[in-house]
Amino acid sequence: YWAKKLVAAGIDLIIGGHPHMVQPAEYITATDSNGISRTALCVYSIGNFLTQHRSPYTDSGIVFEFTLAEQADGSIAVTAPGYVPVYVWTFKNAAGADDYRVLPTGVYMNSRPDGMSDEQYSRMCETWNETTSLMGGDAVLKTLTE
């Protein structure tokens, strides 16, 4: 409801957060007060980037990227949307304190980071599958792995 209201009011891009988990992205079309149809990209939630959360779906997120391109008529368009799935790896450092690393998951799908346990590696791979499945299907975004 609110996303459609924002698009009708002239918003070109909505990037949401706070529910601590990745939510889908989609293009939304709404009609403005002049009867003109408008479309915008809505990323409902990018999840977590750096977090102590360990519950399923809250130990990961996406880095969302896009380009703002000026059009011939002077308007601005959102182009080349993409996302990088990330996993927050929590471990004990040499001093015994908690340490955190934000990993671009796709880079490590075939090569576990040094020091990561089997359980953590399995969970990291699960987050890749969860995220790409959620963002895929009729995907409006490309998955970046580099």
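In what follows, every heavy atom counts, from backbone to side chain, and hydrogens, waters and symmetry copies are set aside.
- Taking the side chain as every heavy atom from C-beta outward, Thr58 and Thr51 never approach each other to under 4.5 Å.
- Following chains of ILVMFWY side-chain contacts shorter than 4.5 Å, one cannot reach Leu68 starting from Val7, and the two form parts of different hydrophobic clusters.
- Transitive grouping of hydrophobic side chains (ILVMFWY, heavy atoms separated by less than 4.5 Å) keeps Tyr100 and Tyr57 in distinct clusters.
- Hydrophobic clustering, with ILVMFWY side chains joined whenever heavy atoms are under 4.5 angstrom apart, keeps Met21 apart from Leu50.
- Side-chain atoms of Gln120 come within 3.5 Å of backbone atoms of Thr90 as a donor-acceptor pair (strictly under, hydrogens ignored).
- Shown here for Met109 and Tyr121, the closest heavy-atom pair between the two residues is O-OH, 2.5 Å.
- Going from atom CG of Asp59 over to atom CZ of Arg123 covers 4.0 Å, rounded to the nearest 0.5 Å.
- Met135 approaches Gln23 most closely through the heavy-atom pair SD-O, 3.7 Å.
- With respect to the salt-bridge test (charged N to carboxylate O, under 4.0 angstrom), the residues Asp98 and Lys92 qualify.
- At a threshold of 4.5 Å between non-hydrogen side-chain atoms, the residues Phe64 and Leu13 count as touching.
- Tracing side-chain contacts under 4.5 Å through hydrophobic residues (I, L, V, M, F, W, Y), one reaches Tyr27 starting from Ile15; they form part of the same cluster.
- Pairs passing the side-chain hydrogen bond (donor to acceptor under 3.5 Å, both in side chains) check and including a residue from residues 33-49, sequence neighbours excluded, read His20-Asn48, Glu26-Tyr44, Thr29-Thr39.
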Query - CA sep, side-chain torsions, deciding dist, call: Thr132, Tyr83, side-chain contact (heavy atoms from CB on, under 4.5 Å) - result: CA-CA 10 Å; Thr132 56; Tyr83 68 97; 3.8 Å; yes
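- Judged by distance alone, the side chain of Ser75 and the main-chain N or O of Gln71 form no donor-acceptor pair under 3.5 Å.
- For Phe91, the CZ atom counts as densely surrounded, since its 6.0 Å shell holds more than 12 non-hydrogen atoms of other residues, nucleotides or ligands.
- Ile76 places a side-chain heavy atom less than 4.5 Å from the side chain of Glu70.
- Residues Trp89 and Pro113 come closest through the heavy atom pair CZ3-CB, 4.0 Å.
- Pairing each heavy atom of Ala3 with each of Cys42, the nearest pair is CB-SG, 4.2 Å.
- Evaluated for a side chain to side chain contact (heavy atoms under 4.5 Å, CB included) with Val63, the options Val86, Ile46, Val102 yield exactly one hit, Val86.
- Taken together through direct or relayed side-chain contacts under 4.5 Å among Ile, Leu, Val, Met, Phe, Trp and Tyr, Val22 and Phe66 form part of one hydrophobic cluster.
- For the side-chain hydrogen bond (donor to acceptor under 3.5 Å, both in side chains) condition, the pairs that include at least one residue of residues 104-114, sequence neighbours left out, are Arg112-Asp118.
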